[in-house]
Every structure is written in C-alpha cells, then in structure tokens.
Amino acid sequence: VQLVESGGGLVQPGGSLRLSCAASGFTLDDYVIGWFRQAPGKEREGVSCIQASNSATFYTNSVEGRFSISRDNAKNTVYLQMNSLKPEDTAVYYCAARHRVFTSSKVLCVTANPRYWGQGTQVPVSS
C-alpha cells in the first residue's frame, strides 16, 4: 500500500498549486482520503477530506472557498486544488487514507487518524 504526493513547490502569495495523491496497492474508491498539513512548530491539521462513495467533502475553515478536493477513482488519484495561497498555508502537505467503513470525510479530517500516510510534499508560499 502506497500513497505518493506530487505537485508541491515554491509559490508566491495569491498563486495556485494542484497537489496530486496517487494510490497503489489498494482500491481508492473504498477509502476516505484526506489532505493534512504540518507547518514548522505546529501540529498536523486536517485540511480537506473526501468521502469514498458520494464524494462528500470537508474543509477546515481557513481554506474554505480557496481549496478544492476531488478524486478520480479511475486513475486512483485524489487532487487538492489550492488557490489564493497565503504565507500561512506554508507547510508540508500529506495525503492519507482510511477505509470507508471506519470513518467519514469530516471525522477523518477532525480526528487525523488515517490508516495510511504519504511521505509529504513541501509547499512554501513566499514572495
């Protein structure tokens, strides 16, 4: 089982990035997928999560209206479109998964207890 993030990199404030999370070794549509981030000196937080079946989504307040999560089960990939980026969005971003039987999009993001984690991708937001 593996989750691999990509798409991170330096971006200026106000810019956009799209992160991808490619899954292998399991069928993505059986899992709730979440994006989490950890900034220097801060705890890891749930940013956005997406349900397995009906694709119901959850966003933490600070990214609502700026970030958008989506999934392509045919490609076994989940995306995080990040717009209007701010310096406070600077963090390492991780994708994570937990089987749909054990969680939902909101629960996964709030409790941050996935079964599988990716290795993370850096997103520095700076001019």
Side-chain angles (χ1 to χ4, degrees):
V1 173
Q2 194 173 19
L3 295 169
V4 179
E5 301 96 335
S6 61
L10 179 64
V11 61
Q12 292 187 343
S16 297
L17 276 179
R18 189 177 80 156
L19 304 182
S20 298
C21 173
S24 60
F26 65 97
T27 303
L28 197 62
D29 56 2
D30 285 334
Y31 285 77
V32 179
I33 306 297
W35 285 97
F36 298 79
R37 66 185 179 187
Q38 187 164 22
K42 295 188 177 181
E43 291 187 356
R44 191 174 295 185
E45 67 167 340
V47 175
S48 181
C49 295
I50 186 165
Q51 199 86 353
S53 56
N54 60 9
S55 293
T57 57
F58 172 86
Y59 298 92
T60 193
N61 287 342
S62 62
V63 308
E64 185 83 53
R66 299 188 297 123
F67 290 12
S68 177
I69 191 171
S70 62
R71 61 193 300 155
D72 186 338
N73 288 340
K75 295 183 178 179
N76 239 26
T77 301
V78 172
Y79 305 97
L80 184 68
Q81 177 67 43
M82 305 187 295
N83 299 325
S84 303
L85 282 160
K86 304 175 181 180
E88 51 264 42
D89 294 317
T90 294
V92 178
Y93 284 72
Y94 302 86
C95 71
R98 189 168 177 88
H99 197 280
R100 59 183 173 81
V101 169
F102 302 109
T103 194
S104 65
S105 54
K106 181 176 181 178
V107 170
L108 181 64
C109 262
V110 172
T111 61
N113 66 341
R115 176 69 175 83
Y116 304 109
W117 287 97
Q119 83 288 351
T121 184
Q122 294 261 8
V123 177
V125 182
S126 174
S127 55

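FYI, the numbering just counts along the sequence from 1. Hydrogens, waters and symmetry mates are skipped; everything else that's a heavy atom, side chains included, is used.
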Using the side-chain contact (heavy atoms from CB on, under 4.5 Å) rule, take Gln81 and Ser16 through it: C-alpha gap first, then chi angles, then the decisive distance, then the call.
CA-CA 7 Å; Gln81 177 67 43; Ser16 297; 4.0 Å; yes
Dump the intermediate steps for side-chain contact (heavy atoms from CB on, under 4.5 Å) on Phe67 and Asn83, then the final yes or no.
CA-CA 6 Å; Phe67 290 12; Asn83 299 325; 6.0 Å; no
Any chance you could lay out the side-chain contact (heavy atoms from CB on, under 4.5 Å) test for Leu19 and Val123, step after step, and finish with the verdict?
CA-CA 10 Å; Leu19 304 182; Val123 177; 4.1 Å; yes
Mind running side-chain contact (heavy atoms from CB on, under 4.5 Å) on Arg37 and Val63 for me, showing each step along the way?
CA-CA 12 Å; Arg37 66 185 179 187; Val63 308; 4.0 Å; yes
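Using a distance-only test at 3.5 Å, with no hydrogens or angles considered, no donor-acceptor pair links the side chain of Gln2 to the main chain of Ser24. Asn76 contributes a side-chain N or O that, together with a main-chain N or O of Ala23, makes up a donor-acceptor pair within less than 3.5 Å. Under a 3.5 Å cut-off, the side chain of Ser48 and the backbone N or O of Phe58 do form a donor-acceptor pair. Although no hydrogens or angles enter the test, the distance criterion places a donor-acceptor pair under 3.5 Å between the side chain of Thr77 and the main chain of Lys75. Side chain of Glu5 to backbone of Cys95: a donor-acceptor contact under 3.5 angstrom is found. Listed for the Tyr59 side chain is a donor-acceptor partner under 3.5 Å among the backbone atoms of Ile69.
Listed here is the closest heavy atom pair of Ala112 and Pro114: C-CD, 3.2 Å. Closest heavy-atom contact between Ser62 and Arg66: O-NH2, 2.9 Å. Here the closest heavy-atom approach between residue Val107 and residue Thr111 is recorded as O-OG1, 2.6 Å. The two atoms that bring Leu108 and Arg98 nearest to each other are CD1-CB, 4.0 Å, heavy atoms only.
From Asp29, atom CG reaches atom CZ of Arg100 across 8.0 Å, with rounding to the nearest 0.5 Å. One distance of note links NE2 of His99 with OG1 of Thr27; it measures 9.0 Å at 0.5 Å rounding. One distance of note links OH of Tyr93 with CG of Leu80; it measures 7.5 Å at 0.5 Å rounding. In this structure, CD in Glu43 is found 8.5 Å from CD in Gln38, a value given to the nearest 0.5 Å. Atom CD in Gln51 sits 11.0 Å away from atom CD1 in Ile33 (nearest 0.5 Å).
Here the side chains of Lys86 and Val125 are not in contact, with every heavy-atom distance at 4.5 Å or above. The shortest distance between side-chain heavy atoms of Ser105 and Ile50 does not fall below 4.5 Å. Contact annotation: the side chain of Tyr79 never approaches that of Arg71 to less than 4.5 Å [non-hydrogen atoms, C-beta and beyond]. No side-chain heavy atom of Met82 sits under 4.5 Å from any side-chain heavy atom of Arg18. At least one side-chain heavy atom of Ser126 sits under 4.5 Å from a side-chain heavy atom of Leu10. Side-chain contact between Val78 and Trp35: present, with at least one pair of heavy atoms (C-beta onward) separated by less than 4.5 Å.
Contacts of Phe26 classified as ring-ring contact (aromatic ring centres under 6.0 Å, His included), with partners at least two apart in sequence or in another chain: Tyr31, Tyr116. By the side chain to side chain donor-acceptor pair (under 3.5 Å) test, Thr103 pairs with no residue at all, sequence neighbours left out.
Aromatic rings of Phe36 and Trp117 (six-membered ring for Trp) have centroids within the 6.0 Å cut-off, being under it.
Figure legend: cation-pi geometry between Arg44 and Tyr94, with NZ or CZ positioned under 6.0 Å from the six-membered ring centre and within 45° of its axis.
Connection of Val1 to Leu28 is established within a shared hydrophobic cluster, with ILVMFWY side chains joined at heavy-atom distances below 4.5 Å, either directly or through further cluster members.
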